[in-house]
Every structure is written in C-alpha cells, then in structure tokens.
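Have a look at the structure below before the remarks.
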Amino acid sequence: MSVMITTSSSIIMSSSTGMTPVKFGCNRGAMHEHKKIKLKYASCWSLQFKAPTKVNATKAGVVDWSMVDPEKEGPNTVSDLLLERMIQDGFIFQEKFCIRVYEVGPDQIATVETLMNHLLETTANHMKKGGLIHEWFGSKEMFKHNLTWVVAKIQMVVDRYPTWGDFVQIDTWKVAYGKNGVYCNLTFRDCKTGEILVKASSFWVMMNSKTRMLSEIPNEIRAKLEQIYVDKPPLVEQVTRTWSRSEKNINEHICKGLKPRWSDLDINNHVNHVKYIGLILESVPKTIIENYEIDSITLEYYQECTKDDKLQSFTSILTNDNDEISDFEVVDCQHLLQFESGSNIMKGGTRWRLKHAKSKDLMSIS
C-alpha cells in the first residue's frame with residue numbers, strides 16, 4: 001500500500017475561469033519550536049496551480065472495451081493529461097501518468113518498482129472512487145471492523161518498459177475471486193500509440209489491523225464490490241517453471257543481514273509489498289541485473305514484516321553443468337524471502353530476457 005501525506009491548505013475558488021486555483025500556505029510562526037533548536041521565525045511559502053477540468057463518466061449499459069483505447073493524438077505535456085476518470089458506468093477506472101526522471105534506472109527505462117507503484121496507485125484510486133477506501137486504506141464500513149486491504153499475490157508481464165517522459169495510461173477493473181478476495185486487473189498503455197506495455201493482476205484480501213490476521217469480507221462491503229465487478233477472468237495467468245533445490249543444476253545465491261528501513265513502511269505499518277522487489281533483487285547475481293531485464297514476475301506474500309526485522313534473500317537459478325546460465329536469452333529464477341529464523345515471508349518467480357541493446361549486439365554477432 002502506498003503512504004498518503006496530507007498537507008493542510010486553504011482553497012480559493014475562482015468563478016471567472018473554468019479552473020480551480022488552489023493555494024497552499026502557512027502562517028509565520030506556525031512551526032513548533034524544537035527544544036534544542038531555536039528559530040527566530042518560521043519560513044512562509046505559497047504555491048498556486050490550476051486543477052484540471054473534471055470529465056463526466058461515460059454512461060453505458062455494458063462494458064465497451066474499445067473505450068479503454070487512448071486517443072489517437074496522445075498528450076504532449078502534463079497539462080494535457082486527463083489525470084483520472086471513471087468510464088463504462090464505473091466498471092473501468094482510467095488514469096494517466098508521465099514517467100518522471102526519478103522513476104527510471106541507469107538504463108533509462110522505468111524500473112519494475114515504478115510500474116508496481118503506478119499499478120498500486122491506480123488500483124487504490126479506483127477503490128477510493130467506488131467507496132471501498134476512505135481512510136487508513138479501508139472504507140468506513142471496514143473501519144468499524146478494524147479491516148484494511150492488503151495484497152496477497154501479484155503477477156505482471158512486461159512487453160516493453162516505458163522511458164523517461166513517456167505518457168502512459170492505466171486501465172483497471174475488478175473481478176470477484178472466491179468469497180474473500182478481489183482480483184484487480186490492469187493494463188499499462190502508451191498514450192500515443194495505444195500499445196499495451198504491461199499486463200498485471202493482483203489479488204487483494206482483507207486483514208484485521210488489530211489481530212494482523214486475514215479476515216472474511218463483511219456482507220455490506222461485498223455488496224459494494226459487486227457493483228463494480230466485471231465478469232472476466234484474471235488478466236494474467238502466468239505459467240513459470242518450478243524446480244526443487246535437490247536438482248543438480250540449481251545455483252543458489254544468498255544475501256543475509258537485510259533490514260527494512262522506516263521509509264519502507266506503508267499506511268498499514270508494515271513493509272510495502274513493492275519494497276519486497278528490492279529485497280529479492282539483493283540476491284540476484286550482478287551479471288543478470290546488468291545484462292537482463294524482467295520479462296515477467298510473480299510474487300506471493302505469506303506474512304508481513306516491519307522495520308528492523310532481520311531478513312535473508314535467496315535466488316535460485318537454473319544453470320548448466322559448467323555453472324553458467326543455460327539459456328543466454330532467457331533466464332528463470334525462483335526467489336524466497338525469509339526471516340533469519342527461517343520463517344517464509346514471500347515466494348516468487350521471475351523470468352528475465354536479454355536487454356534490448358544486448359539483444360541487438362547478439363544478433364549482429366550471429
């Protein structure tokens with residue numbers, strides 16, 4: 001889950017334009033004085049901006065999947081973005097983002113964590129629009145039962161990574177799964193071309209914030225969910241190769257002494273599920289990190305961890321008899337994150353493909 005930071009602000013409406021100028025500010029001397037740090041005065045600042053015009057949701061009796069296609073002319077600037085909207089009578093939620101410079105890695109493409117964060121943000125915003133998230137990552141009805149949303153499983157397939165400055169559109173819809181779970185399906189598109197870059201499915205369940213145990217979905221909350229359910233199967237059905245540690249050609253890499261930081265915690269006061277990606281990558285060999293990119297990923301979460309827990313990360317790679325990667329173009333890995341006591345926190349699998357630049361070099365050699 002993502003952390004929400006709310007800043008007190010004053011909002012000034014302007015009736016002369018169709019936009020809403022908003023002003024954030026603080027009064028001089030409003031800061032609390034630290035016991036050991038004396039300030040003569042507190043800084044004063046202000047910021048004004050115009051909010052985008054709201055767009056009414058499209059009314060349609062049935063879901064028209066052509067509606068999720070982006071416009072032929074994609075946005076060129078941030079001001080052109082239609083930040084979010086409900087379409088298909090609220091069954092599909094659509095949000096657009098610009099990939100920022102701090103969201104890309106050394107290879108100038110968006111990181112896996114960036115994709116996961118945007119998928120999480122869009123899913124949460126859809127639930128918020130549907131009245132399923134009010135505050136503390138739960139609805140008012142959930143708050144009465146001390147319930148909150150958590151992610152139990154996530155699957156993602158990446159066809160192409162967006163780069164810095166790309167405008168992307170995320171569409172999400174919800175699917176019922178059993179009695180106590182919700183599947184959130186998402187597509188990640190290039191706004192200009194309409195190309196689907198990423199497909200993902202995440203499985204959400206409820207946790208009691210007091211007992212920290214999983215809980216059934218109360219009937220009043222289930223009734224709200226049924227209003228936004230779409231009758232379609234999970235978008236991603238990923239099949240990954242599995243193997244046992246007893247196989248001869250398994251090369252296992254271990255990284256011990258890992259400790260989550262305070263900044264890794266989310267609104268549920270445990271390590272955010274996206275942060276687990278960085279923890280499992282700690283045990284992935286450098287040669288894979290530098291020469292390959294993740295093609296698909298599956299993560300299953302078994303229990304939560306928090307700040308200062310001591311963890312260990314395992315990555316198992318199928319190799320040939322010479323202890324080398326058996327398939328140069330595709331590499332399959334299995335991952336395990338544990339407490340140092342040996343209790344499992346998360347299991348996962350990744351499939352890696354050769355990076356685009358490396359693929360071209362390989363083709364030129366052959």
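Basis for what follows: all heavy atoms, side chains included, without hydrogens, waters or symmetry-related copies.
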- [ ] State yes or no: do Leu225 and Leu186 share one hydrophobic cluster built from I, L, V, M, F, W and Y residues joined by side-chain heavy-atom distances below 4.5 Å, directly or via other members?
- [x] yes
- [ ] Taking atom types as modelled, find out whether Thr172 and Lys174 have a side-chain donor-acceptor pair closer than 3.5 angstrom.
- [x] yes
Task: Atom CD of Glu340 with >12 non-hydrogen neighbours under 6.0 angstrom - done: yes
Task: Heavy-atom side-chain contact between Asp264 and Lys307 under 4.5 Å - done: no
TODO: Following the transitive rule for hydrophobic clusters with a side-chain heavy-atom cut-off under 4.5 Å over Ile, Leu, Val, Met, Phe, Trp and Tyr, establish whether Met213 and Phe143 coincide in one cluster.
DONE: no
TODO: Hey, could you give me each pair passing salt bridge (Lys or Arg N to Asp or Glu O under 4.0 Å) that has a residue in residues 292-304? Not counting sequence neighbours.
DONE: Arg212-Glu304, Glu293-Arg353, Asp295-Arg353
Open item on the list: Testing Ile154, Ile345, Val150 one by one against Tyr301 for a side-chain contact (heavy atoms from CB on, under 4.5 Å), which residue passes?
Closed with: Ile154
Open item on the list: Hydrogens and angles aside, do His335 and Thr315 bring a side-chain donor and acceptor to less than 3.5 Å of each other?
Closed with: yes
Task: Distance-only side-chain donor-acceptor flag, Asn180 / Glu216, under 3.5 Å - done: no
TODO: Please lay out, stage by stage, how Thr163 and Val104 fare under the test side-chain contact (heavy atoms from CB on, under 4.5 Å).
DONE: CA-CA 7 Å; Thr163 60; Val104 301; 5.8 Å; no
Open item on the list: When you compare the side chain of Cys191 with that of Lys96, does any pair of heavy atoms fall below 4.5 Å?
Closed with: yes
- [ ] Give a yes or no on whether Tyr177 atom OH has more than 12 heavy-atom contacts from other residues, nucleotides or ligands under 6.0 Å away.
- [x] no
